[in-house]
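In what follows, chains are A, B, ... by sequence order, proteins preceding strands, each numbered from 1. Since the structure is predicted, the reported quantities are computational estimates derived from the model, not experimental observations.
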2 protein chains.
Amino acid sequence: MITQMQNDILDTAQAMAQSRGFNGFSFRDLAAAVGIKPASIHYYFPTKGELGAALASRYTGRLVEILGDPSDGRLDALMARYIAVFRATLQDDGRMCLCGLMAAELDALPEAMQTEVARFVEANVSWVAAVLRAGTGLADGVEVRARARAIFAALEGAMLVARGSRDVAAFDAMVEVFTASGLIPNAKRVSEGQF
Amino acid sequence: MITQMQNDILDTAQAMAQSRGFNGFSFRDLAAAVGIKPASIHYYFPTKGELGAALASRYTGRLVEILGDPSDGRLDALMARYIAVFRATLQDDGRMCLCGLMAAELDALPEAMQTEVARFVEANVSWVAAVLRAGTGLADGVEVRARARAIFAALEGAMLVARGSRDVAAFDAMVEVFTASGLIPNAKRVSEGQF
DNA sequence: GTCTATAATTTGATAGAC
DNA sequence: GTCTATCAAATTATAGAC
């Protein structure tokens, strides 16, 4: 069971981690922003590593929930939904993807967090791969997962780069290039048999 | 003038920053790895922020030097050289791009470092854009820079994702998808007029 | 230039009152 | 549950001997 206070703490911690990195904020910063004392944070999350693992776990869970069934809808609608998730994160105070950022600092994180980051990556790759299979009729196998991984990576990179310029338009422009080049499939190309 | 000791310190600091993030190592860690005392680090770099700015600046300078003239060579050779720079970083003990990682933790870095990160991004985008102009005959303008930015972002994302699996082959597979899809141009496609 | 010594602050974390 | 009080360790940084 997740309490309201746990959620408040996680919300605030997530915002800080997404803008400063997991090692870029302290329990004191976090407590001050939430409006409680550092010792109270420890009551809910004994160690910072456990807080971080909970952060990443919730993040992945929410993504899976938002994305939903990868076979429910047309290819372009599903991809648009996927892209919208990344875009919304970036638009929300210029945040980087939480797990993308954790992947960057990976060696500085406790093992439990590293595992959660890997789960996030896998959730993305498997969902996009499922969309590609259902929407394009591509055969199963490494090839589809390789393409899914490339799409995921490109969007993570676009977030990373766009964050610097503090402009969501930069992200949109990169996504447009990904789509126009054929990396990210769209309905038009599929109907034309180019994908 | 850059002394030998300054270079040793920067080399070690760079390796640590690339695997743990800039906030993931201390002057104590750094000094121990170099084989000197923390106070001696301060002699060369008064503050950690100045060390970080020097790190990013040297990193960008080396990139520019390695890449060379963007109009000297064929399109596919130039792009191959560009990709090889990222690949070499990843292969070298599984490191993430220094400035890509700094871009992730951006809000936690002093302003001087943020400026250097922006310079790195600009160096990449302008070099790739120049290659695209010379090699594909594309007109100048926002469009070429948008494509260059997308290519840079995709490679940064590929490094980020590949680092998790500790396998350079994952990076190669993503680059292959980028190339096959047409995001990263190659000579064959250009000669066929598809780009 | 490199060190010892140390300051001043911050950090993650615990004990125990309420 | 939340707090005060506190800890031990780590952090960036400085002063000054050698």
Examine [N]: is either OP1 or OP2 under 4.0 Å from a nitrogen or oxygen in the side chain of [X]? Give yes or no.
X     : N      : answer
B:Y44 : C:dT2  : yes
A:T47 : C:dG12 : no
A:S40 : D:dC3  : yes
B:Y43 : C:dG1  : yes

Nearest listed nucleotide, side chain of A:F27, among C:dA13, C:dT2, C:dT11
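The closest nucleotide is C:dA13.
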To the side chain of A:K48, which of C:dG12, C:dC3, D:dG1 is closest?
->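 Of the candidates, C:dG12 comes closest.
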Give a yes/no verdict on a cation-pi contact between A:K37 and A:Y43, requiring under 6.0 Å between NZ or CZ and the six-membered ring centre and an angle within 45° of the axis.
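Geometry flag: not set, cation outside 6.0 Å or 45°.
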So that I can tick it off, tell me whether B:D92 and B:R87 are bridged by a salt bridge, with the cut-off set at under 4.0 angstrom between side-chain N and carboxylate O.
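No, no charged N to carboxylate O under 4.0 Å.
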Item to complete: Would you mind checking if B:R58 and B:D11 are paired as a salt bridge, meaning a charged N to carboxylate O distance below 4.0 Å?
Response: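 Between B:R58 and B:D11 there is a salt bridge, with a charged N closer than 4.0 Å to a carboxylate O.
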Original post:
With nearest nucleotides of DNA chain C determined for A:R28 and A:A39 from heavy-atom distances, which residue corresponds to the more 5′ nucleotide?
Top reply: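 The residue closer to the strand's 5' end, by nearest nucleotide, is A:R28.
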Protein-nucleotide distance ([X], atom [atom1]; [N], atom [atom2]), rounded to Å:
X     : N      : atom1 : atom2 : result
B:F45 : D:dA13 : CZ    : P     : 13 Å
A:I9  : C:dG12 : CD1   : C1'   : 15 Å
B:L30 : D:dA10 : CG    : C1'   : 15 Å
B:F22 : D:dT11 : CZ    : C1'   : 13 Å
A:E50 : C:dG12 : CD    : P     : 14 Å
A:H42 : D:dG1  : NE2   : C1'   : 15 Å
B:I41 : C:dT2  : CD1   : P     : 10 Å
A:K37 : D:dG1  : NZ    : C1'   : 15 Å

Exercise. Just how far is it from atom CG of A:L183 to atom CD1 of A:I151, taken to the nearest 0.5 Å?
Worked result: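 It is 5.5 Å, given to the nearest 0.5 Å.
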Check your understanding: Does one side chain, of A:E50 or A:T47, offer a donor that lies under 3.5 Å from an acceptor on the other?
Key ->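 Yes, a side-chain donor-acceptor pair sits under 3.5 Å.
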